[in-house]
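Just below is one structure, and these are the notes that go with it.
As the structure lists them, so they are numbered: ligands from 1, and atoms in each ligand from 1. Atom set for the values below is all heavy atoms of this structure, side chains included, hydrogens, waters and symmetry mates excluded.
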Amino acid sequence: MENCYKTAKFITSIVDLKDSPLPHLEEILFVGKSNVGKSSLINALANQKALAFTSKTPGHTRLLNYFMIDNSFYFVDSPGYGFSAKKDIDYEFYGKIFDSYFTDNANLKLIVFLLDSRHLPTQDDQDFYIYLKHFSYPYIIAMTKCDKLNQSEKAKIYKNLDLGLNETISKDQVILTSSKNKDSLGFLKQRIDSALRR
Ligand SMILES: Nc1nc2c(ncn2[C@@H]2O[C@H](COP(=O)(O)OP(=O)(O)OP(=O)(O)O)[C@@H](O)[C@H]2O)c(=O)[nH]1
Ligand SMILES: [Mg+2]
């Protein structure tokens, strides 16, 4: 199974969907809490070290960053929520960016919603999950940093996955990933490819 894409190139950064790059192509969005590993996952899937900038300090990515993959579609990296201690500032900032991005975005084929596998979902995670479900785009949940878990911790992930809606999240909505251990990325790539019907 191929784990990575072949080519990847940074295209542009935007804050409003009306500025999305030409040509308009299908898009895969990566969202999740600050520091959860969005940029790292993009790099790992694209088999590059520093395509999307990663950082130990949360709040690194502040715009929607478009990367063209295999000359045929875009990965979109996004700013992580839960960074500012002042929630109202956070809500205004993310509200503007994501409301525009999620409104009538016909090119958005899949949302990859990232959660840190080492922790229970936070209030911010639950709030964002509920918000993104309003828009009814297809999504999957990628648990990140699974290289840090042992087998029994991995098995518990499904049980502990409370995203605040009292719903049962089916196992095939959830993919265990690690940007360090790329073996796990084949399944995610498969899901992305089928969302793009490639
Ligand atoms: N062990 C391990 N560390 C990871 C993994 N993915 C990311 N990290 C580390 O987590 C930190 C944050 O990673 P980023 O990819 O910058 O996170 P981000 O979600 O893009 O963060 P923001 O842009 O601030 O929202 C970095 O120190 C990464 O090296 C992983 O799969 N395993
Ligand atoms: Mg980032």
### Message
So which atom in Pro79 and which in Phe98 form the shortest heavy-atom distance, rounded to 0.1 Å?
### Response
O-CZ, 4.1 Å
### Message
For Phe73 together with Tyr5, are the ring centres under 6.0 Å from each other?
### Response
yes
### Query
For Ile141, which of Val112, Ile157, Asp125, Leu163 qualifies under side-chain contact (heavy atoms from CB on, under 4.5 Å)?
Leu163
### Summary
The atoms of ligand 1 lying under 4.0 Å from a heavy atom of Gly80, numbered in the order shown, are 25 (O)
### Task
Tell me whether Ser34 has at least one N, O or S atom under 2.8 Å from the Mg ion (ligand 2).
no
### Message
Using a plain distance cutoff, I'd like to know if Lys145 has any nitrogen or oxygen under 3.5 Å from a nitrogen or oxygen of ligand 1.
### Response
yes
### Message
If the cut-off is 4.0 Å to any non-hydrogen atom of Ser178, which atoms of ligand 1 fall inside it?
### Response
31 (O)
#### Entry: Closest heavy-atom pair and its distance - Glu167, Lys133
OE1-NZ, 2.9 Å
### Message
Under 3.5 Å between any N/O of Thr144 and any N/O of ligand 1: does that happen in this structure?
### Response
no
### Query
Does Phe53 reach ligand 1 with a nitrogen or oxygen that is under 3.5 Å from one of the ligand's nitrogen or oxygen atoms?
no
### Message
How close do Lys38 and Val31 get, counting heavy atoms only, and between which atoms?
### Response
CD-C, 3.6 Å
### Query
Numbering the atoms of ligand 1 from 1, which are under 4.0 Å from a heavy atom of Ser40?
6 (N), 7 (C), 13 (O), 14 (P), 15 (O), 28 (C)
### Query
Going by the order shown, which atoms of ligand 1 are within less than 4.0 Å of some heavy atom of Lys148?
1 (N)
### Task
List every atom of ligand 1 that sits less than 4.0 Å from any heavy atom of Asp147, numbering the atoms from 1 in the order shown and giving each element.
1 (N), 2 (C), 30 (C), 31 (O), 32 (N)
### Task
Ignoring hydrogens and angles, tell me if any N or O in the side chain of Gln48 forms a donor-acceptor pair with the backbone of Lys9 under 3.5 Å.
no
### Query
What are the two closest heavy atoms between Ile11 and Pro21, and how far apart are they?
CG2-CB, 3.8 Å
### Summary
Closest heavy-atom pair, Leu132 versus Phe113, reported as atoms and distance to 0.1 Å, is CD2-CD1, 4.0 Å
### Message
I'd like to know whether ligand 1 has Asn35 as a neighbour, heavy-atom separation below 4.0 Å.
### Response
yes
#### Entry: N or O contact, Val36 vs ligand 1, cut-off under 3.5 Å
yes
